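Each chain gets a letter, A, B and so on, in the order the sequences are listed, and its residues count up from 1. On a predicted model such as this, the values are computed, not experimentally measured, just so you know. Side chains included, hydrogens not; waters and symmetry mates left out as well; all remaining heavy atoms used.
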Amino acid sequence: MRFAFEDRQVEFRDQLRSFTEKECTAAEVRAAWDSELGWSPDRWAAMAELGLLGLTVPEDLGGFGFGFLDLVLLLEEAGRSGLPEPLLETVGLAVPLLLDLPGPEADGLRAEVLPRVAIGESVLTVGLSSMVAVPAAAGADLLLLEDAGELHAVAPAETRLIPRPSIDGARRPARVDWDPTPDTLLASAAESAPVLARLADRAAVGTGALLLGVADRLIASAAAYATDRHQFGVPIGSFQAVKHQLADALVRLEFARPVVYRAAWSLDSAEPAVSRHASMAKAYAAEAALGAARTALQVHGAIGYTWEHDLQLWMKKAWALSTAWGDAADHRARVLEALLAEAAGPG
Amino acid sequence: MRFAFEDRQVEFRDQLRSFTEKECTAAEVRAAWDSELGWSPDRWAAMAELGLLGLTVPEDLGGFGFGFLDLVLLLEEAGRSGLPEPLLETVGLAVPLLLDLPGPEADGLRAEVLPRVAIGESVLTVGLSSMVAVPAAAGADLLLLEDAGELHAVAPAETRLIPRPSIDGARRPARVDWDPTPDTLLASAAESAPVLARLADRAAVGTGALLLGVADRLIASAAAYATDRHQFGVPIGSFQAVKHQLADALVRLEFARPVVYRAAWSLDSAEPAVSRHASMAKAYAAEAALGAARTALQVHGAIGYTWEHDLQLWMKKAWALSTAWGDAADHRARVLEALLAEAAGPG
Amino acid sequence: MDLRFTPEQDAFRAEVRAWLEANVPSEAKGTGPLPSLDTAEGFAAHRVWEQAMFDARLSVVSWPEEFGGRGAGLLEWLIFEEEYYRAQAPTRVGQNGIFLLAPTIFEFGTPEQQARYLPAMASAREVWCQGWSEPDAGSDLAGIRSRATRKGPEGEGGSWVLSGQKTWASRGAFADWCFGLFRTDPTAERHRGMTYFLIPMDAPGVTVRPIAQLDGETGFAEIFFEDVEVPDDQVLGEVGKGWSVAMATTNSERGLSLRSPARFTEAAGRLLALYAEQALLDPVAAGRSADAVARAAMDAEAYQLNTYWTVTRVLGGTPVGPEASMNKLHWSETDLAIHRCALDLLGPEAELLDADGRPGPWLDGFLFALAGPIYAGTNEIQRNVVAERVLGLPRS
Amino acid sequence: MDLRFTPEQDAFRAEVRAWLEANVPSEAKGTGPLPSLDTAEGFAAHRVWEQAMFDARLSVVSWPEEFGGRGAGLLEWLIFEEEYYRAQAPTRVGQNGIFLLAPTIFEFGTPEQQARYLPAMASAREVWCQGWSEPDAGSDLAGIRSRATRKGPEGEGGSWVLSGQKTWASRGAFADWCFGLFRTDPTAERHRGMTYFLIPMDAPGVTVRPIAQLDGETGFAEIFFEDVEVPDDQVLGEVGKGWSVAMATTNSERGLSLRSPARFTEAAGRLLALYAEQALLDPVAAGRSADAVARAAMDAEAYQLNTYWTVTRVLGGTPVGPEASMNKLHWSETDLAIHRCALDLLGPEAELLDADGRPGPWLDGFLFALAGPIYAGTNEIQRNVVAERVLGLPRS
């Protein structure tokens, strides 16, 4: 039992933080939200240079072959910085999904796509037929889509996209209209079922990790503001009402962290309870981020309610990501079901 | 539209308050809890003198023939003072239930029982077969009990009581074992159904009124303590953390009041939505009292956790009464169902 | 106690309902919805709508007839509001004047001021904005720094020269007039030496900078005053007594007049409809919100009941007092709960904007509700007021 | 990161589990449950139980072997606790000494003091209570007034005379020893001039008044000191440095040692079982608690995970620090949530006592949980600590 990250993992996170502090300031995030694409191809290329995009790509295909435990701190940092690029969709979801596909039929696709992902020349996203809209669909070079339980690989040219803008200006969801054909088919429904289950778990943990970073940023901003802003002749952070709201928000966040990290470990370790762990991660992180958003806005007051203040960027991320891939209540229901089944024992 | 009590109703409440301030101090409440019966026959007699016990008894049977709107402030005062006597059970539930019984068959029973209730010589209680235990069963001179949907009047001698003590020392619930016979039968299941529905509504509103008083007492005690108690060189009530908890508790209480009062009016006015109003009353008052108990204890700290401090008397009332006749969540579910039915329209 | 309305009140309700049904701009009639208030075009359209209401003597039903009202009681005002929200009629462009300033003019204004300002306000010929907060005086209104210096003789017939900066002025971008506090005695301590001014927005020296809100719309503005000259008859109440004059306004803002319960009961009604709709699509998922829906609907109804309770007391001659702070706490939390719950019911659709990039009604309402615990005195300030002035706890 | 236990840890767990299964007093074995700790008979029975654990070297697994422990690590301690709660073993009569005082003796005690006090404590031959709070110094520990005056020569070999009053001493009614702070320099300001004393409860001048709790049991006591003479070798740490010595103890109380996550995961397991049971009887009513059950169970598990996270950090050499206040906030709220949820599931049965007039396990647990946000530093104090020492907000 050793519940801590390896130095390498922390160093990789620190490296991404140095990068985002220069290349992904709030002004950069804002510029991305205002851009046509919603994110920056230049920054994507720079992320490839850093080795980020090949993180989950196997070594023989030009990547590192790392797991979710290596990714989770990076996703957290992506949330903290508001990184607009589809890191989760490409590196956290699509690549592992391709690797999960059974049989040598998928080898060709993997050999074709994954080396290009690692060098930043292919952006991927994933979508389910139950989704109202698929995030990052417009910028993707390949879409991995589920239909009637089957998985398909669809080129952008074969899709018609109807943008469904999100309140989070970088997510760029779109309704994807497309026709499944034998050419697009990746896996039968039977083959796809376990792959889709793992996708759902990764999505829950990955979104949870983003939300940890979002909550962290919101709380840090509010604490800084409460220290600077004076009313009634004192910093507002000296009022118990402000202190206690922020303390409660921090407690929610700090207790969400190990829950998310454990779920990342469970993903890599084929833990039998991985789905429960993943749902706990999403539920906990969503509550932490929503609570942090509410508190951060209340601490800021009217200034936090303006377009020009950066707080909105992270509040909107919190609102959007908290419902993505199932909201907290959905996931708690899954957790309860799993706990009752575990308690009842196998059989 | 006039949403206020009549002077007469307020005066009656004030009269009861003067009475309880002398005759039902915290020490008296404690003495009652420690007593064999759980309440004081002497105080019951004095309440009869005040005219309280004939409040709902028709004038021709020696009472006032008043309604729930006349009773609701008195029940609130009973909660505030911790009055241990079965005022709700006798005056608020059993008497109206007897009056609701259809047909002249019940006239004889009413003529026999109700005049004695008004002069304090008969204590009544009511019980449903679904109840784990019937409050005030041990001291009752007549028990109105439901079995298989039928209503029965059962003399204490025909029952076997197994005490199931409550954390509220005055409630004295007991499991009542008894055998329904044609002699005990008051009304058939078909006749009883609407009577039992009105009983449930009155019980919800009456318990809600008691809980308003309990919440009021808890908040007042905590506010007084917060003003007296010093820590860190100042009264603890000057800390925002204490202020804000108490303010929130007070808001819950003050918004519960009109909800309970409206329900009392609806009971007397045969409002079609009376059951929804009654459930709202119980749900709101229970949350107000539970919240007030939690806050009052936190404000008092360790001293409030002791047996010798009077706070326990009202906290325990809050806990016990909040689940009696359906807890807040049960009643909210009823409210939602009714609201959806109202929105869907008749038919 | 009698919770039924009188036949006269029912008749009034029927009249209002009929008029609104015939006149509220709507898609069906080809007259609506009106463009956004945050555009010049929309602002003008909203003025036209208020003028139509004024002509029907429905704009300010509780005002005396001489100023365009009907001299109706508070209960009739509540009935009007219920019908107004039921009809989903346009947001009232004149509300800052009508609800926040007018009570102060009725209490402190001279007869000339009342005649000059009230009818124009009621018909939206003149729309008012509030010059209240300053960048360094948000929750702490007594920290106001904008100042007015005397020009000309003391007493009648002189004027004042205003300078400073106000912020968070709703409707500020297009309003005709502004009301606000300025410091006329810079030596006086925090709550003293302030005076209440009425300032035309086209006066030389007034500059407006619209501020975009969370939704990107310019719902409020900063207003800069550079040596703006204002004559004595645009002072409301006594010179130097601005704080107590303003507190009257603040009490109306926090109390009854601004937050009509109809707003919340109407939203709660829509929430119930949304729940019923989602429960057909996915009963298990919707069921997870059942308790929250019930709570939100109950909270809205409790606010309505509490308002009738308070109005009956006010009609009996008792002023609202610090209980207004309890109302603020309750309605602002209720509004948030209703909208949070709706977003939860919408699930993955909650984050999506309309095709035109604007938040849909629930998301828009949520963003609007988020401001509730902040403006008109933060909820933290309100809790202090409740604790100190209602419960009698010692001041910090 | 590796969240699996080592084979050695698994073997340790198996040993503990086997021993507890064989030895925990139980109805089935005819040896339990033990009588209430709040009676003389029960207190004695609990001493016997701790002696048995001590003999099996399971009483204080993380202590060095010379004092009766096994020199086991923190992880083994957590494993022990998980098994202890899993086995529903008796409440530990020695816990105030073992968890609150012992860490301080390890850090500040002389070798003689360690040898004198620790083994007797671990075997419950000597049971300790905490003389911490005073009637006017609850949350404000620095307001302590009890005092010690010097008797005899300065330096070695003299003694101190203690007077004053302590309160809320758990186990105070039957304890053998008491530890607490007394003011040795009455002229020093609030946090200074205090000294940490170890006092036998049978010393002349010590009087105990048991205090009945909410449940009627005398779980704690007031202790009166009237000229109680205490020799120098019963001072822990330096004279006048009692505050910093005490803070070490307070940190253990708030941090890891007292609130083992097993207590909450065990209760959460029972809550799940209760939910499953009630869901069979009335699925609709139980369903209304589903979300609360899930939250409570998750909160307990999150506390467990956070503990492993913290322990790993501590094993890596980083002290716990003010994060301990976050733990206190989380476990106390979790404990309340678990028990409130259970009472909600029990519905009308929640208010009922057992046939002997005692609260049943859930009601008893609820009453106990209510004390959580109060003792060991109220949650209000903890939030201040988190805000000031973790988030760096300015002091009030």
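- Both the backbone and the side chain of B:Val251 come within contact range of chain C, each with at least one heavy atom under 4.5 Å from a heavy atom of that chain.
- Between chain C and the residues B:Val259, B:Leu250, B:Val335, the largest count of heavy-atom pairs under 4.5 Å involves B:Leu250.
- Residue B:Leu339 comes nearest to C:Ala297 through the heavy atom pair CD1-CB, 3.7 Å, listed as atom of the first residue, atom of the second, then distance.
- Only the side chain of C:Leu329 has a heavy atom closer than 4.5 Å to any heavy atom of chain B.
- Interface remark: of the candidates C:Leu272, C:Val293, C:Leu3, C:Leu3 forms the most heavy-atom pairs closer than 4.5 Å to chain B.
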With 3.5 angstrom as the limit, list the donor-acceptor pairs from chain B to chain C, or say none if there aren't any.
residue	atom	partner	partner atom	Å
B:Met1	N	C:Arg4	O	2.6
B:Arg2	N	C:Asp2	O	2.7
B:Arg2	O	C:Asp2	N	2.8
B:Phe3	N	C:Thr312	OG1	3.0
B:Ala4	O	C:Met1	N	3.2
B:Glu6	OE2	C:Met1	N	2.4
B:Ser238	O	C:Ser396	OG	2.9
B:Lys243	NZ	C:Glu388	OE2	2.5
B:Lys243	NZ	C:Pro394	O	2.9
B:Lys243	NZ	C:Ser396	OG	3.1
B:His244	NE2	C:Glu380	O	3.3
B:His244	NE2	C:Asn384	OD1	2.8
B:Asp248	OD1	C:Arg383	NE	2.7
B:Asp248	OD2	C:Arg383	NE	3.4
B:Arg262	NH1	C:Glu301	OE2	3.0
B:Arg262	NH2	C:Glu301	OE2	2.6
B:Trp265	NE1	C:Met1	O	3.4
B:Arg276	NH1	C:Glu301	OE1	2.9
B:Arg276	NH1	C:Glu301	OE2	2.9
B:Tyr284	OH	C:Asp299	OD1	2.4
B:Glu287	OE2	C:Arg295	NH2	3.3
B:Arg332	NE	C:Asp291	OD1	2.7
B:Arg332	NE	C:Asp291	OD2	3.4
B:Arg332	NH2	C:Asp291	OD1	3.4
B:Arg332	NH2	C:Asp291	OD2	3.2

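- If you measure heavy-atom distances from C:Leu75 to chain B, the contacts under 4.5 Å come from the side chain alone.
- Not counting sequence neighbours, C:Phe368 has no partner by the ring-ring contact (aromatic ring centres under 6.0 Å, His included) test.
- Across all non-hydrogen atoms, the minimal contact from B:Leu336 to C:Ala290 is CD2-O, 3.5 Å.
- Of the two parts of B:Ala333, neither the backbone nor the side chain holds a non-hydrogen atom closer than 4.5 Å to a non-hydrogen atom of chain C.
- To the nearest 0.5 Å, atom CG of residue C:Leu391 and atom CD1 of residue B:Ile219 are 7.0 Å apart.
- Contact of B:Leu246 with chain C is made through backbone and side chain together, with heavy-atom distances under 4.5 Å.
- B:Ala343 does not touch chain C: none of its heavy atoms, backbone or side chain, sits under 4.5 Å away.
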